[in-house]
Protein chains: 2
Amino acid sequence: MNNRQVADRLHSAAVHLLRHVRTVDSKSGLTASRLSALSVIVFGGPISISELAEAEQVRPPTISRLVKEMEWEGLVSRQRDAQDRRVTRIRATSKGRRLLFEGRERRVAKLAERVARLSPEERERVAEAAATLERFSLPADHPLS
Amino acid sequence: MNNRQVADRLHSAAVHLLRHVRTVDSKSGLTASRLSALSVIVFGGPISISELAEAEQVRPPTISRLVKEMEWEGLVSRQRDAQDRRVTRIRATSKGRRLLFEGRERRVAKLAERVARLSPEERERVAEAAATLERFSLPADHPLS
DNA sequence: TCATTTCATTAGCTAAGCTAATAATAATGG
DNA sequence: CCATTATTATTAGCTTAGCTAATGAAATGA
């Protein structure tokens, strides 16, 4: 299998994998985008809008609105940076942290059902590849990398 | 690594992988959803709206609109089923086939850049896992499975 | 036959991406 | 030191893609 074929399979698998896990989101109140951003905020510490946008590979206005909504819902809070007053630092509230873990758990549980169906050999290979993938699909300077 | 951890990594990798490849879509005129649906139409032969919706794991109205737009753009054509006149069969036009291959190529090329950066061992493991994943992230009755 | 079921579409809502324009602040050069 | 430029974030307004509910049209079946 050449690079292109590997890439093609990865692409197709990723698309369908996410469609599959998305089915549990209605219960959690956290969509894929929010889960992902919240995860960066929780684990990547207080972070600015532009840093968050870059980490999430989207444009600042997209994150700006996401944060506004999450703030409204009490999942995150903002604080003006004392050194540079243009910047606001975003951090997760305890409610945000709790919802992240719950929402993640739901998605991951859904996926884990399928992981559990694999043969031990397949599971092993997928586990190894997942580690590699996790590394290579993040931008080099992603806060979680 | 337990099932949950494997699943967690897969989830995270899939999210960022798709964000990454999405950056090339503006040039192709084919978004992720269209690429995916068109792919099912091209390889899964003439197919009804409901079959397509199930294959894509979305609701019929979502596919209905997608097909309407792709038809408008000359990528697919419809034909009433002679046996059951409620059903329309969708098939790709030659333009649709061409655009699928081009659009896919762009996304996949973007991904392949990263695949190419892996060590031979990593690449091998990812390739094997991709095959497994492709199978397991599709519903059992997906036309491409 | 007529009541029910099935397939597809339409209408209308939400979420999440984008660009362009604007406001506020910081940094810089004359 | 002030005026200009650059940076950070937001707002406005557009698009795409998901959803449910309601509707029309065709098939099925009691």
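Naming: A, B, ... by sequence-line order, numbering from 1 per chain.
- Here D:dA9 presents its C1' atom at 13 Å from CG of A:Asp81, a figure rounded to the nearest Å.
- A:Glu121 and A:Arg125 are not joined by a salt bridge, as no carboxylate oxygen comes within less than 4.0 angstrom of a charged side-chain nitrogen.
- Rounding to whole angstrom units, CD of residue B:Gln83 and P of D:dT28 are separated by 11 Å.
- For the pair B:Lys68 NZ and D:dT16 C1', the computed distance is 13 Å after rounding to whole Å.
- Separating the CD1 atom of B:Ile49 from the C1' atom of C:dT10 is a distance of 13 Å, rounded to the nearest angstrom.
- Whole-Å rounding puts the A:Glu71 CD to D:dT10 C1' distance at 13 Å.
- For A:Asp81 against A:Arg89, the heavy-atom pair with the smallest separation is OD2-NE, 3.3 Å.
- One atom, CZ of B:Arg34, and another, P of D:dT16, lie 6 Å apart when rounded to the nearest Å.
- Listed pair B:Arg78 / C:dT9 meets the phosphate criterion, a side-chain N or O lying under 4.0 Å from OP1 or OP2.
- The side chain of B:Arg85 approaches D:dA27 more closely than any other nucleotide in the set C:dC7, D:dA9, D:dA27.
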Polar atom pairs between nucleotides 17-23 of chain C and protein, under 3.5 Å, N or O only, would you list them?
| unit_1 | atom_1 | unit_2 | atom_2 | d |
| --- | --- | --- | --- | --- |
| C:dG17 | OP1 | A:Ser33 | OG | 3.2 |
| C:dG17 | N7 | A:Arg65 | NH2 | 2.5 |
| C:dG17 | O6 | A:Arg65 | NH1 | 3.4 |
| C:dG17 | O6 | A:Arg65 | NH2 | 3.4 |
| C:dC18 | OP2 | A:Arg59 | N | 2.8 |
| C:dC18 | OP2 | A:Thr62 | OG1 | 2.9 |
| C:dT19 | OP2 | A:Arg59 | NE | 3.4 |

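- Between A:Glu69 and A:Arg34 there is a salt bridge, with a side-chain nitrogen of the basic residue lying less than 4.0 Å from a carboxylate oxygen of the acidic one.
- Annotation: side chain of B:Glu122 is not in contact with side chain of A:Glu128 (no heavy-atom distance under 4.5 Å).
- No more than 12 heavy atoms of other residues, nucleotides or ligands shown are found within 6.0 angstrom of CZ on B:Arg59.
- Of the candidates D:dA27, D:dA9, D:dT10, the closest approach to any side-chain atom of B:Arg86 belongs to D:dA27.
- Side-chain contact between A:Val40 and A:Val42 is absent, with no heavy atoms from C-beta onward closer than 4.5 Å.
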